[in-house]
**Q** 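Handing you a structure now.
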Amino acid sequence: MNIMNVDYTTKIPNNVNLAEDRQVLKALEGWHPGYLDWWNDMGPDGFQESLVYLRTAISVDPKGWAKFDYVRMPEYRWGVLLAPQDEQRLVNFGQHKGEKAWQEVPGEYRAMLRRLVVIQGDTEPASVEQQRHLGKTAPSLYDMRNLFQVNVEEGRHLWAMVYLLQKYFGRDGREEADDLLRRRSGDEDAPRMLGAFNEATPDWLSFFMFTFFTDRDGKMQLESLAQSGFDPLSRTCRFMLTEEAHHMFVGETGVSRVLQRTCEAMKAAGIEDPNEIERVRALGVIDLPTMQKKMNLHYSLSLDLFGSEVSTNAANFYNAGLKGRFQETKIDDDHRLTNDIYKVLKMVDGKITLVDEPALTALNMRLRDDYTEDCAKGVERWNKVIEKAGVNFRLELPHTAFHRQIGEFANVQATPKGIIVSEAEWAKVRDDYLPSTADGDFIASLMVPVSEPGKFANWIAAPKVGIDNKPGDFEYVKIAA
Ligand code: BYC
């Protein structure tokens, strides 16, 4: 079988020769009906019968891996796709550096590896659950289609992790695969594993911020797992990253279009001061200070996804060769880090201080720093949109200590500038920095559906180009009556 092309003859499209791997095929086929039940219960609400113009992976060749066509989402061909195997690949970091990459799970690391795969897997259905009501308030058919594209691909990413669990972890892998369908975002008894995946995504601005900030955590984590010495995990994550790029595009351009529309409306109405919130809101667009608050919220929630700044788990993952650094093989050092240090922000005597820590235990902080740098570039692109429109306002990422629930700053309150404040002081200023109930109500009031091809809600500008080069009035979703 040609690894580049996907086999569609089995019920589960794949490029891992499932047709000859009967046991795993059987396990996956056994899991499939439960997945479909989950999709029908927890996937996009109200649009399961609609025809959506979606891309489906047909190959893992970077030059042409997808085809576009109208599909009913429950009939989407969720497949198992791994990037091609490199026979020469080695473990590239940690204490096994230089050994041949593992094709089977190393017994001593089984529990650690399973935990990583399960946590990764758990986030995928969680995001679909968080976004399930958004179709009903889509600002256009273009945006609705992008939402559904992201959703079906997160579904495929769940399949990717379930394949690893069922193929490499035997019975406990099968149990974990079932549990991935049992937990629910925000559920009191069986919540999703990581904090940000239990938060609500109440409106489209949240969706765009989520796909910019939280999907970008996904990019960083998948990049680190793509370095893994366990080759099937590496190959799986490499192909997932191909799809992930579009999700971040949806977030970045989504926020850009909101900013553009707000600035245009302000200019047209002759409003120079972005802080004249009520006047801006009266135009039916989202004021820039509220955009900043939404950004503060989603960035800080996403920082929590990197775990504690100092973590023995992270050191163990790295030493074992299971999870590397962002773009590990491009870094010029010994890839063992046993004698290195890394500067970590910590609370020392009530002050935020940079402290030297062993580089191995500081790996979460390092990945988070790489993430912040990547986010900052995107924020600068947003600032260019505002600047170009001639509005005097800049968006800024808040300080790392702001609004944290995990790690060094979980027990303090800090302003976006990084000034530590008392709980009483925080209670007074909270609504200046994070969306208030009134802000949420205002945004919700703008969320009216627009379903005429080529038309957009008043609060968001049209995109520059269509998906798959389609014209502006293309009917991306044929909504079933
Ligand atoms: N919430 O040593 P610590 C994506 C737990 S997103 C709740 O500080 P560690 C996507 C932690 O599990 C990417 N619990 O951290 C995006 C541990 O528990 P145990 C998802 C948390 O382990 C959008 C304890 O606290 N992939 O793909 O070094 C849409 C102490 O942990 C949290 C991954 O995350 C939290 N935020 O690192 C769709 C990659 N943080 O073990 C998809 C795999 C920590 O003591 N996961 N805890 O019971 C990992 O690499 C690591 O598990 C983490 C945490 C980076 C998450």
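Atoms considered below: every heavy atom in the structure, side chains included; atoms not considered: hydrogens, waters and symmetry mates. Order of appearance sets the numbers: ligands from 1, and atoms from 1 within every ligand.
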**Q** Between S308 and ligand 1, which residue portion shows a heavy-atom distance shorter than 4.0 Å: side chain, backbone, both, or neither?
**A** both

**Q** Any protein heavy-atom neighbour for atom 16 (C) of ligand 1 (distance below 4.0 angstrom)?
**A** yes

**Q** Taking non-hydrogen atoms only, is I406 closer than 4.0 angstrom to ligand 1 via side chain, backbone, both or neither?
**A** side chain

**Q** For ligand 1 and G195, I'd like to know whether there is a polar contact (N/O to N/O, distance under 3.5 Å).
**A** yes

**Q** Under a 4.0 Å threshold between the charged nitrogen and the carboxylate oxygen, would D203 count as salt-bridged to K294?
**A** yes

**Q** Between Q103 and D231, is there a side-chain donor-acceptor contact under 3.5 Å, judged purely by atom types and distance?
**A** yes

**Q** With backbone taken as N, CA, C and O and side chain as the heavy atoms from C-beta onward, which portion of Q405 lies under 4.0 Å from ligand 1: side chain, backbone, both, or neither?
**A** neither

**Q** Of all the atoms in ligand 1, which lie at a distance below 4.0 Å from a heavy atom belonging to D217?
**A** 6 (S), 13 (C)

**Q** Considering both backbone and side-chain atoms of S311, is one of its nitrogen or oxygen atoms within less than 3.5 Å of a nitrogen or oxygen in ligand 1?
**A** yes

**Q** Measure from the side-chain N and O atoms of E328 to the backbone N and O of F93, and report whether any donor-acceptor pair falls under 3.5 Å.
**A** no

**Q** Spell out, as yes or no, whether a donor-acceptor pair under 3.5 Å connects the side chain of S185 to the backbone of F197.
**A** yes

**Q** Is there at least one pair of N or O atoms, one from D304 and one from ligand 1, spaced under 3.5 Å apart?
**A** yes

**Q** Quick one: does ligand 1 sit under 4.0 Å from the side chain of I119, the backbone, both or neither, non-hydrogen atoms only?
**A** side chain

**Q** Can you list the atoms of ligand 1 that are under 4.0 Å from a heavy atom of E154?
**A** 29 (C), 38 (C)

**Q** Looking only at the aromatic ring of each residue, does the gap between the centers of W65 and F239 stay below 6.0 angstrom?
**A** yes

**Q** Output yes when the distance from some N or O of ligand 1 to some N or O of K323 is under 3.5 Å, and no in every other case.
**A** yes

**Q** If we only consider heavy atoms of M193, is any one of them less than 4.0 Å away from an atom in ligand 1?
**A** yes

**Q** Return the orientation label for the Y371 and F306 ring planes: parallel under 30°, perpendicular over 60°, tilted otherwise.
**A** tilted

**Q** What pairs with P106 under side chain to side chain contact (heavy atoms under 4.5 Å, CB included), at least two apart in sequence or on another chain?
**A** W102, Y109, L113

**Q** Under the rule for side chain to side chain contact (heavy atoms under 4.5 Å, CB included), what residues qualify as partners of D172, not counting sequence neighbours?
**A** R110, R114

**Q** What class does the angle between the rings of W38 and Y35 fall in, given that below 30° is parallel, 30 to 60° is tilted and above 60° is perpendicular?
**A** tilted

**Q** Give a yes or no on whether atom 6 (S) of ligand 1 lies under 4.0 Å from any heavy atom of the protein.
**A** yes

**Q** Run the numbers for me: atoms of ligand 1, each under 4.0 Å from some heavy atom of G218, listed by number.
**A** 4 (C), 6 (S), 13 (C), 27 (O)

**Q** Heavy-atom contacts under 4.0 Å between F213 and ligand 1: side chain, backbone, both, or neither?
**A** neither

**Q** Would N383 and E380 count as having a side-chain donor-acceptor pair, cut-off 3.5 Å?
**A** yes

**Q** Protein heavy atoms near atom 1 (N) of ligand 1, is at least one of them under 4.0 angstrom away?
**A** yes

**Q** Pull out every atom of ligand 1 sitting under 4.0 Å from any heavy atom of N364, numbered as shown with elements.
**A** 9 (P), 15 (O), 28 (O), 37 (O)

**Q** Does R115 have a heavy atom less than 4.0 Å from any atom of ligand 1?
**A** yes

**Q** Between Y433 and R430, is there a cation-pi geometry (under 6.0 Å to ring centre, at most 45° from the normal)?
**A** no

